[in-house]
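Okay, so here's the structure we're looking at.
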Amino acid sequence: MTLGQRIRSARIERGMTQKQLVGDHITRNMLSKIENDSATPSVKTLEYLAHRLELPVSYFMTDSTYSDGSSPDGLDEMRKAYREERYIDCIRLLEKSREVGTTDEGYLLRARSALGAAHKALEKGDVREAKEFADSADYYNKQGIYYSAAVDAEMSLILAECALSLDISEFEYNAAEYKRAVRAISFSDRFKLDRSEYLIRQGETELAAKLLGEVKTEDKALKARQLYLLGLCDMEGGKYEDALHPLKKAEEISDSSALDAALEKCYMELEDYKMAYFYASKRLKSE
């Protein structure tokens, strides 16, 4: 049997539907393609499916060649097809060569080719085909080391547009995924923090505090810096008691000598010399 047939046979023997087998790891549509041998699972996905089916990975990998993730020879023709925007040709070539198709570069080419094919499908008005390619781009984008938030954002936007024609109930989810991916590639929060620090140094603490309030980041390092700068704004205004709240919140996320110095100063101004000594000692140890 082929790899896809083995997976399908094992699933049916265990009385599992495709939806039950995939869980949250991949889409049911992608599993259907794998079972029909029109898509090649990554080793990571194969390990997941084997675990769910309570079978050793070796059961599925017999007579199948998989790469260890490095790039073997044979990619030139696929690269050429991608450069010439022959995305479907590139995908077909990757499907034929499992050894190449399961490399990190193979996953990258699959993801970007599927995304290009999805765009072309939308241009010709084939929404269902666009959705299939976008789902494929989502899967392969997450398999190798070359995950791209930009591909993630484009793919989510295409899926949101497809939902308007196919299943509007999926729009909100895909729109939220698009926003998440865009935040991951956006530099606007970093710039706002840089600008806020500049304003604080210029004595424009009100403007800085307003700008800091616009930062809506989920990145821990950026969030810690935002809280630290909010604390500095309060300190510049002599509000040392108020400054402790964002500074202590920042300390829960990250740690730095600059943060320790700010906390030391706050406690000194509040005449809590025990805590001031604690942060002074902590700062000196880290410097």
Side-chain angles (χ1 to χ4, degrees), residues 2-5 7 22 26-46 63-167 170 174 177-178 181-182 184-185:
T2 64
L3 173 65
Q5 288 170 339
I7 293 172
V22 297
I26 59 174
T27 65
R28 189 199 60 75
N29 184 49
M30 179 53 65
L31 176 60
S32 181
K33 288 184 175 183
I34 290 171
E35 289 188 349
N36 291 323
D37 293 303
S38 61
T40 304
S42 67
V43 174
K44 182 167 64 175
T45 294
L46 198 56
D63 301 323
S64 300
T65 304
Y66 281 83
S67 169
D68 61 0
S70 59
S71 294
D73 293 332
L75 277 163
D76 288 346
E77 192 177 358
M78 299 159 195
R79 292 180 185 127
K80 184 173 184 292
Y82 177 78
R83 282 195 298 269
E84 294 174 354
E85 297 186 4
R86 292 185 290 111
Y87 302 122
I88 294 177
D89 287 343
C90 184
I91 291 168
R92 285 172 178 164
L93 287 167
L94 285 161
E95 286 173 351
K96 287 180 182 177
S97 176
R98 183 163 292 152
E99 184 179 1
V100 176
T102 58
T103 64
D104 288 319
E105 187 169 350
Y107 296 142
L108 175 65
L109 278 172
R110 283 293 291 268
R112 291 192 173 275
S113 294
L115 187 61
H119 277 297
K120 288 194 172 186
L122 272 185
E123 287 172 8
K124 66 181 184 182
D126 193 334
V127 182
R128 291 189 182 280
E129 186 176 81
K131 184 180 186 305
E132 280 198 21
F133 281 124
D135 279 335
S136 182
D138 177 40
Y139 171 74
Y140 286 107
N141 186 42
K142 294 172 181 174
Q143 297 310 302
I145 64 173
Y146 298 119
Y147 165 80
S148 167
V151 169
D152 203 349
E154 279 192 79
M155 173 274 303
S156 297
L157 181 57
I158 289 173
L159 288 174
E161 291 170 347
C162 290
L164 293 173
S165 299
L166 300 175
D167 185 353
E170 294 182 359
N174 290 311
E177 287 295 289
Y178 169 75
V182 167
I185 59 176

field: Contact list for residues 114-124, test salt bridge (charged side-chain N to carboxylate O under 4.0 Å, His left out), sequence neighbours left out
entry: Lys124-Glu129
query: What residue pairs, at least two apart or across chains, pass salt bridge (charged side-chain N to carboxylate O under 4.0 Å, His left out) with a residue in residues 135-155?
result: Lys131-Asp135, Asp138-Lys142, Asp152-Arg180
- prompt: Are any side-chain N or O atoms of Asp104 and backbone N or O atoms of Tyr146, one a donor and one an acceptor, separated by less than 3.5 Å?
  reply: no
message: As an exercise, state the distance from CD1 of Ile145 to OG1 of Thr103, rounded to the nearest 0.5 Å.
response: 10.0 Å
message: Within the 3.5 Å criterion, strictly below it, is a donor on Ser156 or Glu177 matched to an acceptor on the partner's side chain?
response: no
message: Just to verify, which of Leu108, Thr45, Thr102 counts as forming a side-chain contact (heavy atoms from CB on, under 4.5 Å) with Gln143?
response: Thr45
Heavy-atom closest contact (Tyr140 atom, Ala39 atom, distance): OH-CB, 3.6 Å
message: Does atom NZ (Lys44) have a neighbourhood of more than 12 heavy atoms from anything else shown, all under 6.0 Å?
response: yes
field: Residue pair Val182 / Leu157, side-chain heavy-atom distance below 4.5 Å
entry: no
- request: Indicate the atoms forming the closest heavy-atom contact of Gly116 with Tyr87, along with that distance.
  value: C-CD1, 3.4 Å
message: On a heavy-atom basis, which atom in Arg79 and which in Glu105 lie closest, and how many Å separate them?
response: NE-OE2, 2.8 Å
Non-hydrogen atoms of Glu95 and Ser38 that approach each other most closely: OE2-O, 2.5 Å
message: So Pro41 and Leu3, do their side chains get closer than 4.5 Å, heavy atoms only?
response: yes
field: Distance, nearest 0.5 Å, that separates SG of Cys90 from NZ of Lys80
entry: 12.0 Å
field: Expected output: side-chain Asn141 to main-chain Ala137 donor-acceptor under 3.5 Å
entry: no
field: From Leu46 atom CG to Ile7 atom CD1, the distance as rounded to the nearest 0.5 Å
entry: 5.5 Å
query: Of all heavy-atom pairs between Tyr82 and Ser113, which one has the smallest distance, and what is that distance?
result: CD1-OG, 3.4 Å
- line: Rounded to the nearest 0.5 Å, the CG atom of Leu93 sits from the CD atom of Glu77 at a distance of 4.5 Å
field: Any Tyr139 side-chain heavy atom under 4.5 Å of Ser42 side chain
entry: yes
message: Could you measure the distance from the CG atom of Asn29 to the NZ atom of Lys33? Nearest 0.5 Å is fine.
response: 5.5 Å
Full working for side chain to side chain contact (heavy atoms under 4.5 Å, CB included) between Leu31 and Ile26: CA-CA 7 Å; Leu31 176 60; Ile26 59 174; 4.1 Å; yes
message: Quick check for you: to the nearest 0.5 Å, what is the distance between Cys162 atom SG and Glu132 atom CD?
response: 10.5 Å
field: Closest non-hydrogen atom pair between Ile158 and Ala134, with its separation
entry: CG2-CB, 3.9 Å
